[in-house]
Colleague: 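Starting off with a structure, shown below.
Basis for what follows: all heavy atoms, side chains included, without hydrogens, waters or symmetry-related copies. Throughout, a chain's letter reflects where its sequence line sits, starting with A, and its residues are numbered from 1.
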2 protein chains.
Amino acid sequence: MTIAKVTEKYNIPEDTLRYYERIGLLPPVHRGKGGIRDYTEEDCRWVEFVRCMRGAGLSIEVLIEYLRLYQLGDETIDARKNLLVEQRAQLRAKLEEMKQTLERLDYKIVHYEKITLDKKVENPSCVRVP
Amino acid sequence: MTIAKVTEKYNIPEDTLRYYERIGLLPPVHRGKGGIRDYTEEDCRWVEFVRCMRGAGLSIEVLIEYLRLYQLGDETIDARKNLLVEQRAQLRAKLEEMKQTLERLDYKIVHYEKITLDKKVENPSCVRVP
DNA sequence: TCTTGACTTGGAGTCGACTACAGCCGGTAT
DNA sequence: ATACCGGCTGTAGTCGACTCCAAGTCAAGA
């Protein structure tokens with residue numbers, strides 16, 4: 001699969017795919033004639049995995065480490081699991097924080113809607129909070 | 001309230017508080033003798049608000065705009081509400097994405113645990129996926 | 001044969017969000 | 001009087017994560 005196809009399929013710019021590979025966030029992609037990249041099924045799985053994890057905010061550094069461990073084989077299964085457990089904990093925490101903030105936004109929006117209604121009935125009962 | 005107290009209370013570095021004020025992410029803080037900042041209750045509410053929203057990933061740009069609108073008074077209530085509604089939508093989407101990823105991590109971790117167990121009973125039934 | 005277009009590398013530039021000084025000021029403790 | 005805080009401004013530097021570009025290669029089509 002050419003880089004253009006991968007870009008199209010996963011919606012990741014070509015430059016970014018090359019960059020990911022260069023820094024070791026993707027395994028070295030096999031090259032065909034003239035050094036042109038030819039992404040295998042497994043390469044694509046990595047691309048998708050990285051997109052997913054980056055989308056959730058995992059750092060590039062951590063993902064490079066994960067790939068590195070993966071490439072070292074079965075010896076690193078424990079280390080990989082620990083890495084994922086750690087990242088999961090952080091993700092959980094972030095998620096919780098964001099849920100709280102979402103609720104706060106809900107509350108504020110309701111507040112703004114109340115103000116607007118109050119104004120319509122000429123009864124301004126709003127308080128000044130951020 | 002001095003900047004040091006605010007730093008301590010909200011766990012935001014002094015440099016960052018000054019930076020936030022400079023770029024208009026906080027309203028101009030009143031100064032006492034010798035130009036020293038004296039944060040009011042309302043200033044603190046903004047600090048806390050900004051910390052919360054930044055923590056959820058809202059951009060500085062958007063928050064500056066929100067403060068700007070707020071400072072323009074009641075004329076901008078609608079605009080502010082719209083801004084919040086938009087940001088809430090984005091936050092919801094991000095949250096959903098992260099939830100999916102969290103589940104995926106759960107799944108992968110379980111998978112790694114299975115591998116470890118399998119190995120203990122000399123029955124390696126694992127597949128090679130990222 | 002020449003051009004076009006998809007790909008390559010290597011390196012530099014950008015962007016958002018801080019973060020770290022250098023150098024100065026004013027009040028208090030020794 | 002001096003030294004030390006704690007704060008101030010202004011500017012520059014850092015960091016993570018891309019993003020852009022020049023210059024080159026190669027294959028296929030007019």
Side-chain angles (χ1 to χ4, degrees), chain A residues 1-40 43-44 46-47 49-68 87 90-91 94 97 101, chain B residues 1-40 43-44 46-47 49-68 87 90-91 94 97 101:
Chain A
M1 203 180 209
T2 68
I3 197 168
K5 289 278 177 196
V6 178
T7 283
E8 194 191 338
K9 188 166 178 190
Y10 298 103
N11 209 29
I12 299 174
E14 296 188 8
D15 272 336
T16 303
L17 287 169
R18 295 195 198 97
Y19 163 67
Y20 280 178
E21 187 182 343
R22 203 169 64 236
I23 63 175
L25 189 48
L26 293 177
V29 177
H30 170 257
R31 309 311 179 87
K33 278 233 156 151
I36 287 179
R37 287 177 180 78
D38 183 16
Y39 290 78
T40 65
D43 292 335
C44 286
W46 273 104
V47 168
F49 174 71
V50 165
R51 184 187 59 177
C52 177
M53 295 300 143
R54 289 287 306 123
L58 274 73
S59 77
I60 282 191
E61 191 185 8
V62 159
L63 294 173
I64 289 175
E65 174 66 2
Y66 182 72
L67 175 55
R68 196 185 66 80
Q87 293 307 306
Q90 289 191 23
L91 183 51
K94 200 76 206 168
E97 185 184 1
T101 304
Chain B
M1 204 180 209
T2 68
I3 197 168
K5 289 277 176 197
V6 178
T7 284
E8 194 191 339
K9 189 166 179 190
Y10 298 102
N11 209 29
I12 299 174
E14 296 188 8
D15 273 337
T16 303
L17 287 169
R18 294 194 200 97
Y19 163 67
Y20 280 178
E21 187 182 343
R22 201 169 66 235
I23 64 174
L25 189 50
L26 293 176
V29 177
H30 170 257
R31 309 307 182 90
K33 279 235 157 144
I36 286 178
R37 288 176 179 79
D38 183 16
Y39 291 78
T40 65
D43 292 334
C44 286
W46 272 104
V47 169
F49 175 71
V50 165
R51 185 187 58 177
C52 177
M53 295 300 143
R54 288 288 305 122
L58 275 73
S59 77
I60 281 192
E61 190 185 8
V62 159
L63 294 173
I64 288 175
E65 174 66 2
Y66 183 73
L67 175 55
R68 195 185 67 80
Q87 294 307 305
Q90 289 191 24
L91 184 50
K94 200 77 206 168
E97 186 184 1
T101 305

Colleague: Using a heavy-atom cut-off of 4.0 Å across all strands, would you classify B:Arg18 as base, sugar-phosphate, or nothing?
Modeller: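 The answer is base, as B:Arg18 lies within the cut-off (heavy atoms under 4.0 Å) of a base atom.
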Colleague: Expressed as a whole number of angstroms, how long is the span from B:Leu58:CG to C:dC18:C1'?
Modeller: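 B:Leu58 atom CG is separated from C:dC18 atom C1' by 17 Å.
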Colleague: What pairs with A:Glu61 under side chain to side chain contact (heavy atoms under 4.5 Å, CB included), at least two apart in sequence or on another chain?
Modeller: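 For A:Glu61, the residues satisfying side chain to side chain contact (heavy atoms under 4.5 Å, CB included) (neighbours in sequence not counted) are A:Ser59.
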Colleague: Quick one: A:Tyr39 OH to C:dC7 P, roughly how many Å, whole number?
Modeller: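 After rounding, the reported distance stands at 10 Å.
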Colleague: Below 4.0 Å from chain B heavy atoms, what is the first contacting nucleotide of DNA chain D and what is the last?
Modeller: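 Taking any atom under 4.0 Å from a heavy atom of chain B, the span is D:dG7 to D:dT11.
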Colleague: Does the pair A:Glu65/A:Arg68 count as a salt bridge with the N-to-O cut at 4.0 Å?
Modeller: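 Yes.
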Colleague: Nearest nucleotide by nearest heavy atom, which residue falls closer to the 5' end of DNA chain C, A:Thr2 or B:Arg54?
Modeller: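 The residue whose closest nucleotide sits nearer the 5' end is A:Thr2.
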Colleague: Are any side-chain N or O atoms of A:Asp38 and backbone N or O atoms of A:Met1, one a donor and one an acceptor, separated by less than 3.5 Å?
Modeller: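 Yes.
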Colleague: Round to a whole Å and report the spacing from CD1 of A:Ile3 to C1' of C:dT9.
Modeller: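 One finds 12 Å between C1' of C:dT9 and CD1 of A:Ile3, rounded.
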Colleague: Rounded to whole Å, how long is the line connecting atom CD of B:Glu14 with atom P of C:dA20?
Modeller: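 Atom-to-atom, B:Glu14 to C:dA20, this comes out as 12 Å.
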Colleague: Without decimals, in angstroms, what is the distance between A:Asp15 CG and C:dA12 P?
Modeller: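 In whole Å, C:dA12 P and A:Asp15 CG are 16 Å from each other.
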Colleague: Got a sec? Which of residues 19-35 of chain B come in under 4.0 Å of DNA chain D, heavy atoms?
Modeller: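 The stretch gives B:Arg22, B:Arg31, B:Gly35 as the residues lying under 4.0 Å from the strand, ordered by number.
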Colleague: Are the side chain of B:Arg54 and the backbone of B:Cys52 linked by a donor-acceptor contact shorter than 3.5 Å?
Modeller: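 It does not hold such a pair.
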Colleague: B:Arg37 side chain to B:Gly35 main-chain N or O, any donor-acceptor pair under 3.5 Å?
Modeller: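 No, the answer is negative, given that no donor and acceptor are paired below the 3.5 Å cut-off.
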Colleague: Per the side-chain hydrogen bond (donor to acceptor under 3.5 Å, both in side chains) rule, what does the pair list look like for residues 2-12 of chain B, sequence neighbours excluded?
Modeller: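 Not a single pair qualifies under side-chain hydrogen bond (donor to acceptor under 3.5 Å, both in side chains).
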Colleague: The criterion is side-chain hydrogen bond (donor to acceptor under 3.5 Å, both in side chains); which residues satisfy it with A:Gln87, sequence neighbours excluded?
Modeller: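 Here no residue qualifies.
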Colleague: CD of A:Glu8 versus C1' of C:dA6: gap in Å, rounded?
Modeller: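 About 14 Å, once rounded to whole Å.
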Colleague: Consider side chain to side chain contact (heavy atoms under 4.5 Å, CB included). Of A:Leu25, A:Thr16, A:Ile64, which one does A:Val50 pass it with?
Modeller: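 Among A:Leu25, A:Thr16, A:Ile64, the one meeting side chain to side chain contact (heavy atoms under 4.5 Å, CB included) with A:Val50 is A:Leu25.
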Colleague: Could you pull out all residues at least two apart from B:Arg22 that satisfy side chain to side chain contact (heavy atoms under 4.5 Å, CB included)?
Modeller: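 B:Arg22 satisfies side chain to side chain contact (heavy atoms under 4.5 Å, CB included) with B:Tyr19 only.
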